[in-house]
Amino acid sequence: HEVLAKELEAEKQWSAAEHHHVASGNWQFAAQMYFALEMYEDAYRVTKTNGGPVPARQVAYRWGKCLGGDAAVKLYQKFNMLELAIDNACDSKDFKYGFELTRMAMKQKMPDVHLKYAMFLEDEGKFEEAEEEFVVAGKPKEAVLMYVHMHNWDRAAAVAELHYPESMPDVLMGQ
């Protein structure tokens, strides 16, 4: 089946190639074929039918990324997965895309995206940027704790004084 599927692909007989990919147990090859051809609906259909809901959501996410903008948002909403797409973007460190989706269609999730970005920046050692993101996320306490953990008392005190005054006694005691 698989040899025949490859021959049919070469002849641009997509549907027949799909049939043989699936018959040989390699439905993923059919989905990849369709995706490479930008036949996203077919890639999604093959994946959902043969792989189930989790791989189908992964294909839908990739499909949306290819579309971008409003079209991506509409697709994610159609599949009831806009929030999942935002989470996927953040989990894969694609914060630009996560912010874009959030700005366009789910503004209430913006603090969560800023928080995830802040934690990423902290892990990367970009503490001043992380501080800014923690504050924008409405989590200034996290910025204070980040600096306390690092024993950077001056920055901890500065952030506490500006954004989380109730933590000043803890900062001063930590010194």
TODO: Please tell me if the side chains of Glu7 and Leu4 come closer than 4.5 Å, counting only heavy atoms from C-beta onward.
DONE: yes
Open item on the list: Any non-hydrogen side-chain atom of His19 less than 4.5 Å from a side-chain atom of Leu8?
Closed with: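 Side chain of His19 against side chain of Leu8, heavy atoms only: no contact under 4.5 Å found.
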Open item on the list: Less than 4.0 angstrom from a charged side-chain N to a carboxylate O is my criterion; do Arg45 and Glu18 meet it?
Closed with: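 Judged by the 4.0 Å cut-off on N to carboxylate O distance, Arg45 and Glu18 do form a salt bridge.
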So, taking the atom named [atom1] in [X] and the one named [atom2] in [Y], what distance separates them when rounded to the nearest 0.5 Å?
| X | Y | atom1 | atom2 | answer |
| --- | --- | --- | --- | --- |
| Gln77 | Lys74 | CD | NZ | 9.0 Å |
| His149 | Phe127 | NE2 | CZ | 10.0 Å |
| Lys93 | Asp123 | NZ | CG | 7.5 Å |
| Gln175 | Asp170 | CD | CG | 12.0 Å |
| Tyr164 | Leu145 | OH | CG | 8.0 Å |
| Thr47 | Gln32 | OG1 | CD | 9.0 Å |

TODO: Decide side-chain hydrogen bond (donor to acceptor under 3.5 Å, both in side chains) for Tyr147 and Glu131; before the verdict, give the C-alpha distance in whole Å, the side-chain angles of both, and the deciding distance to 0.1 Å.
DONE: CA-CA 9 Å; Tyr147 287 126; Glu131 169 192 328; 2.7 Å; yes
Task: Close aromatic pair by centroid cut-off 6.0 Å: Phe134 and His114 - done: no
- [ ] Compute the ring centroids of Phe99 and Tyr117, then answer whether they are less than 6.0 Å apart.
- [x]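 Judged by ring-centre distance (under 6.0 Å), Phe99 and Tyr117 do meet the cut-off.
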- [ ] Hey, can you tell me if Trp153 and His151 have their rings parallel, tilted or perpendicular (30° and 60° cut-offs)?
- [x]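 Taking His151 first and then Trp153, their aromatic rings stand perpendicular (interplane angle over 60°).
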Can [Y] be reached from [X] by stepping across I, L, V, M, F, W or Y side chains whose heavy atoms are under 4.5 Å apart?
| X | Y | answer |
| --- | --- | --- |
| Met81 | Met106 | yes |
| Leu37 | Leu75 | no |
| Leu101 | Phe95 | yes |
| Met104 | Trp63 | yes |
| Leu121 | Leu115 | no |

Task: Check: Arg155 main-chain N/O paired with Asn152 side-chain donor or acceptor under 3.5 Å - done: yes
Open item on the list: Exactly one of Phe35, Phe79, Tyr61 should register a ring pair (Phe, Tyr, Trp, His ring centres under 6.0 Å) with Tyr40. Which one does?
Closed with: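 Testing Tyr40 for a ring pair (Phe, Tyr, Trp, His ring centres under 6.0 Å) against Phe35, Phe79, Tyr61 leaves exactly one candidate, Phe35.
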Open item on the list: Looking only at side-chain N and O atoms, does His21 offer a donor or acceptor that is under 3.5 Å from a partner on Gln28?
Closed with: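 Their side chains do not contain a donor-acceptor pair, so the 3.5 Å distance test is not met.
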Open item on the list: Between Glu2 and His20, is there a side-chain donor-acceptor contact under 3.5 Å, judged purely by atom types and distance?
Closed with: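 The answer is no; no qualifying pair exists.
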